[in-house]
Each structure stands twice: as C-alpha cells, then as structure tokens.
2 protein chains.
Amino acid sequence: MGTRLALRIQERYEELTPSEQKLAQFLLDRPDEILASSATELARFTGVSKATAARLFRNLGYNDFNDVRLQAREERNRTGPVQQIPMPQASVDETVTVPTHLQVESANLTRTFEELRPDVLNAAAEQIAGAGRVWVAGLGIENGIARYLRILLTRVRPAVHMISENAATWPEELASTGPNDALIIIAVRPWTKQISTVLTFARTTRLKTIVITDPTNTGKARRKEATVLNCHVSTPWSELTQTSVLSMAQLLAATVANRIGGRAKARRDLIADLAEEIESGDI
Amino acid sequence: MGTRLALRIQERYEELTPSEQKLAQFLLDRPDEILASSATELARFTGVSKATAARLFRNLGYNDFNDVRLQAREERNRTGPVQQIPMPQASVDETVTVPTHLQVESANLTRTFEELRPDVLNAAAEQIAGAGRVWVAGLGIENGIARYLRILLTRVRPAVHMISENAATWPEELASTGPNDALIIIAVRPWTKQISTVLTFARTTRLKTIVITDPTNTGKARRKEATVLNCHVSTPWSELTQTSVLSMAQLLAATVANRIGGRAKARRDLIADLAEEIESGDI
DNA sequence: CATTTTCTGAAACAAGAGTTTCATAGACAT
DNA sequence: ATGTCTATGAAACTCTTGTTTCAGAAAATG
C-alpha cells in the first residue's frame, strides 16, 4: 500500500492543474524526495514555480508543506527501515548505462511488489479464474504486453480473448460480453479517453474489471470500481519502463493458475505436448 | 562501508566536546535522519542547542550544515553495488507468493545485467542504428514482447518492421531484406528449428542479426555469428519469466536512441505531439 | 471574436533555519 | 579565593524557505 500522500494524489489527480500534475507525478514516482528535499527544490526539479507547489499542497488538503513533510516522516517511521532501492538521478548526458538501467528496474519492481496487497491480487485472480470468458485489452505500446498476458492465461484456462488494438471497434466487441465475464485492461499513463469510456461501460454492464496501471491512474480506475494492480514505471529520464507491468502480468497469470489448480496444470501440459509435436515437424 | 560523515565522526570523536559527542552519537546511530531532519531538529532530539550543532559540523570539517546534507544526499543516490540476490527454492505447494515473485524477478534482472557486457550492447545498438531497415521477429509467447520492442524502436528511427507471427511465411518476408538491414530475434527456450533456419539464412545474406535469448541458446546463436543479448529467465517452478527479456528490449531501445542522438529525440517528440493530437479528438 | 475563467510565475512578504556573538557557568590551576 | 580557560545556550542577525498577492498568459465559453 502506498503512502497517504500518494492516495490523496491519486484521488484528486484529475482535478489538479497541469503544472500541479507534473509535480504530483514526481511525488508519486519518488516519495522519498519529500523527506530529503525542500519544497523549493521539488518545484525546481519539476520545472514549476514555488507558488504552484504551495498551491498543490493546499489543494491536496494540507495546510502546509510542513504538514506534508511531517506526515511523510511519520509514515516512514511507522513503515520501519524497509531497505528500498533508490531511484537514480537523471544523468546530465542522458546516457543510459547498464548499471543504471538495472537499478531503475530493480527500484520499480521492488516498489511495485512491496506495495502490492496479496488480497487485491487474489481478488483479481479469483475474478479471472471464475469468469465465463476473459477479455484482454491493451492499447498502443501496451498491446504487446496484453498479448503476452493473453497467451499466459490461455495456457491456464480456455476462452481468453484479445480485444483488438483498434479502439474504434471496442463497442462492438464489448457488446458481446456478459456479466459473468472478466475484462483485463493494461493502461499506463498517458490515460486516454477511450479507457475511461470502456471502464464506464464495464461498470454499467457489471463486467468484472481488472486494470493494470501506474500510480497516476489508480484513482481513476478505482473510482470505476475496477480491481487495480498498481505498477511503478518511472525512470529518471522521460521514458517509462514497462518491466514491472510485464512482471505483474506474469504474477497475475501464475496466481490464476494457482486458483484454478489441477485443471490449469493439465491444460498447460497438454499445450506443451502440442507445441512439441508441432515443433517436431508436422507443421 | 559507512558514510563519509560517519568516518569523519569516528576520526574526530575524542576531540569533540561532550554535547557535540551526544549529537555525533545520534548521527552515527541514525544516519538517515540527516536527510529527513533540519539541524535544529537534530539538536532538539539530542537536547543540545542549535549553536552546538553548528559548531559540530564546522569542527568536523564542513563549511556548513548544508554541506553535510548535500554529501549525505549524494551518497544516498550513488548507492553501492547491488548485492547478489539468491534465487529462492521451489516451494512444495507451488504457490507463488508476492515476495517470492519479487525475489525471483530481482535475481533474474540482476544476473542479466551484471553479466551484460556494455560493448556487446553497444555493438547491437550500433547495428540497429545504422541499418537501412530493421526487422523484428518473435514467435509464440515472445511475439508480444517483439511488438513492444518494435514500437520502442519505431519511436526512435523509421523503417522498423515486424515479421509476421506465422513462421511459414518468413522465407517470403525475409527475401526482401538486404545486407544493410538488421534483424532482431527474440527467442528464449524452447529453441525451434525455424529460428536456426532463419539464423542460417541471415548469415548467408550477411544480415546483421541480434538475438535476445536465454543462456541455453546463447551458444547456438553465437555460432551463427549473431550478436547475442543474454537474459536470465528461470524460476524455481517450471515456468519461465520474460521480465528480463522485456527489460533488455527497453535497454536496447534506449541505447539505440542514444546512438542516433538528436534525430531520435526529434522523432520521439514528433510522435508524442501526434499522439496528443489524436487523443484530443481529431481521430 | 470578445469575454470570462483558469492557470501560472514573479515578486512581496512572513516565517523559519543556520550562524555568530556574547555572557555566563563550570572546571581547573595557582 | 582568584583568575583563566573551555563549554554552552540565549539571542541577534542573516539568509533561505514557504506563502500570498497580483498581473499577465492561456484556455474555455459564448
């Protein structure tokens, strides 16, 4: 579970102004900076003015930046000395070295899975295991990961379908879903309107929905009554990394397999046998 | 190894006055407080005056409390070597818990990137950056990741194509490649004959080939004169994890972007603008 | 296109942090 | 006891940080 500050940001993220969002983004990505840095520095890091920073904290419901810092500190003390891997700073020349890459990936993975609540994961797995049919959606860059997840799930249970990459045809495709189905959406920032639309649709048709996303969108998704699996995806430079998203997909599939139990294993073995036969030349 | 501050304190400890020692002691016990707290607070915690605190830092050879804080922060950021993460044993009941999953993923990532030689990575990036056209291939479960890599590369350079998932049509598709092209194959175990075939073909047509694979196939690929990016993918149970493969794809794309330099950035910005426009409704 | 509303940073202002000065309390030698 | 020297905190001072105000820019609205 994230910090209280993170939760507040997630709740109010859409109401924030663009520059406030920039700063809020940064705070979600690197909560430890709140303790280590002054508000002035935080503003400078994200390229907004001190004034905007002050406004953000007020808008989030704090009296003061000092309030924020005190809460953060208190939370750190409560959480105890979890050895967390720090996210490296952006280097000036923008060159990505191998060790830096490793550190970024480790930091994101660690945060992702240390914050993941097992009951949320199990709830998601339960919904997928128990669904009549399962639909997997991922737009743009997430499409590849969605396909990957679909294959993992196919190994474990029948009736797992991909929703096409073309968002325009989603209404038709989703029209054939029923309340006993489950929908998995992979959508990290930037969040598109289509996703909101689909989530709204899913809620009205009582489709069980699981959203794999990043902290800036958690609030939005949760408000649509989806089960949210939160992944940290930030890097010190401007790109995002999907590694933790893939890893989450992996874990989700494994948990589903676990839920289903023996039948999943049987299916997996069957598929392995088939694959072997095809490989051995009958193609 | 302790922090530099800790070392300095230990050196000069006896020379310090009693109240200074009280404060110094505290700093040795809880080095993280330096980042989180102001000098005034540190003084209050240990029951000494602000003046004493100021004197202590000066006596330790710093100009300023600010000096101390900056050094502490810097030390936090360039965290020492990542310690070796052991791969957990298979649990009897096959249940995947969240912490176990995290540990497996960390172990694979760490091994993958600690073994990765920067010159190999750079060679691969060079080939991709310099190629006329780039072809990306991934069969079966790797197909999703291949698509992901393709999108990453498309953001950075033109003429990046996917080779279809249907291996039967590969001969036709590859027929149109030239010696100035590059081919990226994502293929972890099990290794299929098709892949060997393609690699042989690539060698005879002098196609520059990069293979992202796992240690069991490294040798085979290398013998076909491909540039090999090795990924650790094992888990304590029978499944594989593709997390490090995705991460490798990410790093490769970043390195290519780096190679290409300004033009890559321009292209990326252009694409971001386009995406924004589409999102804003002109679809 | 004009008008209103919202957003934003510069600058003024208030509050707080860190340093320095200084007076005094205590330790020690004579 | 007296003088000397060191250690220490209170308070004055300076500089930085955080908040508020305000005017112009940008966006939304009619």
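Per chain, numbering begins at 1; letters A, B, ... match sequence-line order.
Partners of R44(B) by salt bridge (Lys or Arg N to Asp or Glu O under 4.0 Å), not counting sequence neighbours: none found. Applying the salt bridge (Lys or Arg N to Asp or Glu O under 4.0 Å) test to R203(A) and every residue at least two apart in sequence or in another chain returns E225(A). In this structure A129(B) satisfies the side-chain contact (heavy atoms from CB on, under 4.5 Å) test together with V256(B), R259(B), I260(B), sequence neighbours excluded. With sequence neighbours excluded, the residues satisfying side-chain hydrogen bond (donor to acceptor under 3.5 Å, both in side chains) with S49(A) are T52(A). Qualifying side-chain hydrogen bond (donor to acceptor under 3.5 Å, both in side chains) partners for N59(B), counting only residues two or more places apart in sequence or in other chains: E20(B). Listed by chain and residue number, nothing satisfies the ring-ring contact (aromatic ring centres under 6.0 Å, His included) test with Y13(A) (two or more places apart in sequence, or in another chain). Scored by the ring-ring contact (aromatic ring centres under 6.0 Å, His included) test, F57(B) finds F65(B) as partners (sequence neighbours excluded). With sequence neighbours left out, E11(A) forms a side-chain hydrogen bond (donor to acceptor under 3.5 Å, both in side chains) with no residue at all. E142(A) pairs by the side-chain hydrogen bond (donor to acceptor under 3.5 Å, both in side chains) definition with Q242(A), not counting sequence neighbours.
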Counting primed atoms, P, OP1 and OP2 as sugar-phosphate and everything else as base, the B/S/- map of nucleotides 18-29 of chain D against protein heavy atoms under 4.0 Å is BBB---------
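Think of the region where chain A sits on DNA chain C: with heavy atoms and a 4.0 Å cut, that region ends 5' and 3' at dC7(C) to dA10(C).
Classification of the F113(B)-H101(A) ring pair by plane angle, with boundaries at 30° and 60°, yields perpendicular.
Regarding N59(B), its CG atom lies at a distance of 13 Å from the C1' atom of dT8(D), rounded to whole Å.
The phosphate of dG9(D) (OP1 or OP2) has a side-chain N or O of T52(B) nearer than 4.0 angstrom.
Against DNA chain C, the stretch residues 19-29 of chain A makes heavy-atom approaches under 4.0 Å through S19(A).
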